[in-house]
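Only one structure is covered here, and it is reproduced in the block below.
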2 protein chains.
Amino acid sequence: MPRPPKGVTIADVAARAGVSLSTVSRALNGNPTVDPVLAERVKDAAAALDYTASPVARSLVLGRTQTVAVVVPDLANPTFQAILRGLSRAAAADDYHVLVADSAESIDEERILAITTRRRTDGVILCAPRLDQAELDRLVGGLRPVVLINRSSGEVPTVRADYRAALAAELEHLRALGHRRIVFLAGTAQSVANAARLDAIGAFRAAHADTEITEIPCGVDFDAGASAAPAVLASGATASLAFNDLVAMGLLSAVQASGCRVPDDLSIVGFDDIPFASYTTPPLTTAAVPAGELGAQAWSRMRDLLEGAEARHPLLLLPRLTVRGSTGRARS
Amino acid sequence: MPRPPKGVTIADVAARAGVSLSTVSRALNGNPTVDPVLAERVKDAAAALDYTASPVARSLVLGRTQTVAVVVPDLANPTFQAILRGLSRAAAADDYHVLVADSAESIDEERILAITTRRRTDGVILCAPRLDQAELDRLVGGLRPVVLINRSSGEVPTVRADYRAALAAELEHLRALGHRRIVFLAGTAQSVANAARLDAIGAFRAAHADTEITEIPCGVDFDAGASAAPAVLASGATASLAFNDLVAMGLLSAVQASGCRVPDDLSIVGFDDIPFASYTTPPLTTAAVPAGELGAQAWSRMRDLLEGAEARHPLLLLPRLTVRGSTGRARS
DNA sequence: CTGTTAGCGCCTTCAA
DNA sequence: TTGAAGGCGCTAACAG
């Protein structure tokens, strides 16, 4: 089995084919100005030697690496996983590679990773960066080309899920079921995602004076949701809107464990529509952020930048409300 | 804000510091043979110009990229996500970058990605490759350094979860609860993971003639598990062992929907202990493959290879049985 | 159409 | 201790 005799260089191919380096380079890159006969001979030689041009050397001379960096706050987060997957596959389809970096929710790491990964790639995609707006604005300048996911900054291409609209849809859904006392389990206080949700809630309050929405500081994971159960039950609310599906599932599990029936006694809605959402008991009503699509679109934007295409306007993907068994009419 | 004036090269630093290129290189790389005074001057100049050596150029001349590739069959699979996360963080701690590639469960893609990503990195980590043994053996030769996760091939460093032992533990658990008729929901027939499970089942059968284990072809996701519910209920078994947690959750949901009580009528055990497993109703008994640890250990092996350290013997991580509410005594 | 010649940006012998 | 020169492997002008 002729495996890459590590070290075979363009010179070896040239020697074997009896031509110059440049001819090899041209032939292998499909340059039409090369004699078809020679081209064939070169390709045979290359194949015989199992030669492939060194990506590193090409990167240096061409000034591009065929690689983009993706900086993510936490690879364990299902939403980011889905984004990464959509992005990775879309990029692969365009023959680009993906360098992934996990900032572990650290703002400092995020900044550093963005800068260092950018140096070895052609562009960087920041996924839901945790940096505050001023720092983000400052950072992206030195990063270009850059694409933002779920954040925006000046003229930087952006793809976002419309959290506001999604929350509004969920609240409308609950209200239509007769719920007038709703409790919101808030996520990380300083997060942008949380701010968007509060924003939507504020708008809803203004539009519906008869509906009371109280807020309980909670968190973003299962345990946070489970821990919030007593407070939710004590609130007397007939429905609860969790920061995300993880929280909703934690809450669901905990309230059921204490005898509360869902949705008869309490309706629960989540957010994200993670794969597991349709398999809880009862299945969870939630809003789907099309995360894979978000990733694919982010790549599409990046590709435009790399090809020097004109910047398209920011994309706002509308999450889809998925009604399942965890919501029902308010108990009277 | 002095952001990278894109294009600042080592020559610029040399000029500003009034020294030669070599001195800059040496000073910035901490070479002790450079006059401390000059070194300081060089560093100041570099800082003033916001200079950092081009990783690509360094890669070319040094012959290493400070990057490793990870090839995964499916980024959407929670287990691979956890592995990737553990790996990525461990690598980052050693100042290495991670290039990630998703083969989309395609064997051809897997082979191609392994080869192409290897060329732009210092080594490749194959995560649960789907290639058959012969092809894998052939492939890894040209890939070195390479580390395998959940597969092995000759002397190639490997980290694996001991599926056999884990399954055995689950079966012993069920048997101890009095179950004598157990149904196994098989995963993808040709997969190595499935073979390991069947292997464990075979051993268990041999050791316990009084316990009947039947096998139902199923699949690896929620829907497969849900679809298998009728067959499971019809089998008359008092316990079922699902290929993984997703299958178990699908089954759990479907059997409950048809009035079957878990664990009173049917005990269910899963596999993987995905984060959601402890939040189903009832919580799922399962075996935990320490995926993050698997990733971290894979990196550790790779680092050894990169540093030319002596190869350590294959690592076999023992999954931990986590007993929760989905298993109970067999109904009489 | 093909070969020769310069680099891409950096590190590292080799002399001084 | 420092500088000059020669590559790392490849592509792209520039001649022929």
Side-chain angles (χ1 to χ4, degrees), chain A residues 4-46 49-67 95 97 116 118-122, chain B residues 4-46 49-67 95 115-116 118-122:
Chain A
K6 189 202 188 311
V8 39
T9 176
I10 195 173
D12 302 320
V13 180
R16 192 175 220 273
V19 295
S20 75
L21 306 188
S22 354
T23 301
V24 175
S25 174
R26 284 190 279 250
L28 263 29
N29 289 319
N31 187 323
T33 76
V34 55
D35 184 316
V37 181
L38 271 193
E40 196 56 34
R41 184 138 54 93
V42 168
K43 282 172 185 167
D44 288 347
L49 295 171
D50 198 9
Y51 169 81
T52 315
S54 154
V56 177
R58 304 194 85 228
S59 293
L60 182 60
V61 66
L62 295 178
R64 56 190 165 73
T65 59
Q66 293 287 113
T67 304
D95 278 314
H97 299 259
T116 61
R118 171 63 181 88
R119 295 231 56 198
R120 47 184 75 234
T121 59
D122 300 339
Chain B
K6 189 200 187 315
V8 39
T9 177
I10 195 172
D12 301 321
V13 180
R16 190 177 223 271
V19 295
S20 74
L21 307 187
S22 349
T23 300
V24 174
S25 175
R26 285 190 276 248
L28 262 29
N29 289 318
N31 187 320
T33 75
V34 56
D35 185 315
V37 181
L38 271 193
E40 195 56 34
R41 187 136 53 93
V42 168
K43 284 172 185 167
D44 287 347
L49 295 171
D50 199 8
Y51 168 82
T52 316
S54 153
V56 177
R58 303 192 88 230
S59 294
L60 182 60
V61 67
L62 294 178
R64 55 189 166 74
T65 60
Q66 293 287 112
T67 304
D95 278 313
I115 295 173
T116 61
R118 170 64 181 89
R119 296 230 55 199
R120 48 183 74 236
T121 59
D122 299 339

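The analysis underlying the following values was restricted to heavy atoms, covering all of them including side chains, and did not include hydrogens, waters or symmetry mates. Quantities reported herein were computed from a predicted structural model and do not represent experimental measurements. So you know, we letter chains A, B, ... as the sequences are listed, proteins then strands, and number each from 1.
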Through what angle, rounded to 10 degrees, does the axis of the helix from C:dC1-D:dG16 to C:dA16-D:dT1 turn between its ends, using five pairs per end? 50°
B:Ala57 vs B:Pro36, nearer the 5' end of DNA chain D by closest nucleotide: B:Pro36
Name the pairs: protein N/O against N/O of nucleotides 3-6 of chain C, kept only if under 3.5 Å.
unit_1	atom_1	unit_2	atom_2	d
C:dG3	OP2	A:Ser20	N	3.0
C:dG3	OP2	A:Ser20	OG	3.2
C:dG3	OP2	A:Thr23	OG1	2.7
C:dG3	N7	A:Arg26	NH2	2.7
C:dG3	O6	A:Arg26	NH1	3.2
C:dT4	O4	A:Ser22	OG	3.0

What distance separates B:Leu49 CG from B:Asp44 CG, expressed to the nearest 0.5 Å? 10.5 Å
Contact class for A:Val34 (heavy atom, under 4.0 Å): base, sugar-phosphate, or nothing? sugar-phosphate
Give the minimum heavy-atom separation between A:Arg119 and B:Ser54, together with the two atoms involved. NH2-CA, 4.0 Å
Over all heavy atoms of both residues, which pair between B:Ala27 and B:Val34 is shortest? Give the atoms and the distance, please. CA-CG1, 4.1 Å
Quick one, A:Arg26 and A:Thr33 - any side-chain contact, counting heavy atoms below 4.5 Å? yes
Under a 4.5 Å cut-off applied to non-hydrogen side-chain atoms, are A:Ser25 and A:Asn29 in contact? yes
Rounding to an integer number of Å, can you tell me how far A:Arg58 CZ sits from C:dG7 C1'? 16 Å
B:Leu62 atom CG is separated from C:dG9 atom C1', nearest whole Å, by 11 Å
Taking every heavy atom of B:Pro55 against every heavy atom of A:Arg120, the minimum-distance pair comes out as CB-NH2, 3.6 Å
Between CG of B:Leu60 and P of C:dC10 the distance, given in whole Å, is 12 Å
Under 4.5 Å between any side-chain heavy atoms of A:Arg58 and A:Gln66, yes or no? no
Which heavy-atom pair separates A:Asp50 from A:Val8 by the least distance, and what is that distance? O-CG1, 4.4 Å
The first and last nucleotides of DNA chain D lying within contact of chain B, meaning any atom under 4.0 Å from one of its heavy atoms, run from D:dT1 to D:dG9
For B:Thr9, report the nucleic acid contact type (base, sugar-phosphate, nothing); a contact means any heavy atom under 4.0 Å. sugar-phosphate
Kindly compute the distance separating CD1 (A:Ile10) from OG (A:Ser22), expressed to the nearest 0.5 Å. 8.0 Å
In terms of heavy-atom contacts, A:Leu21 and A:Ala11 come closest through CD2-CA, 3.5 Å
dist A:Thr52:OG1 -> B:Arg118:CZ (nearest 0.5 Å) comes out at 12.5 Å
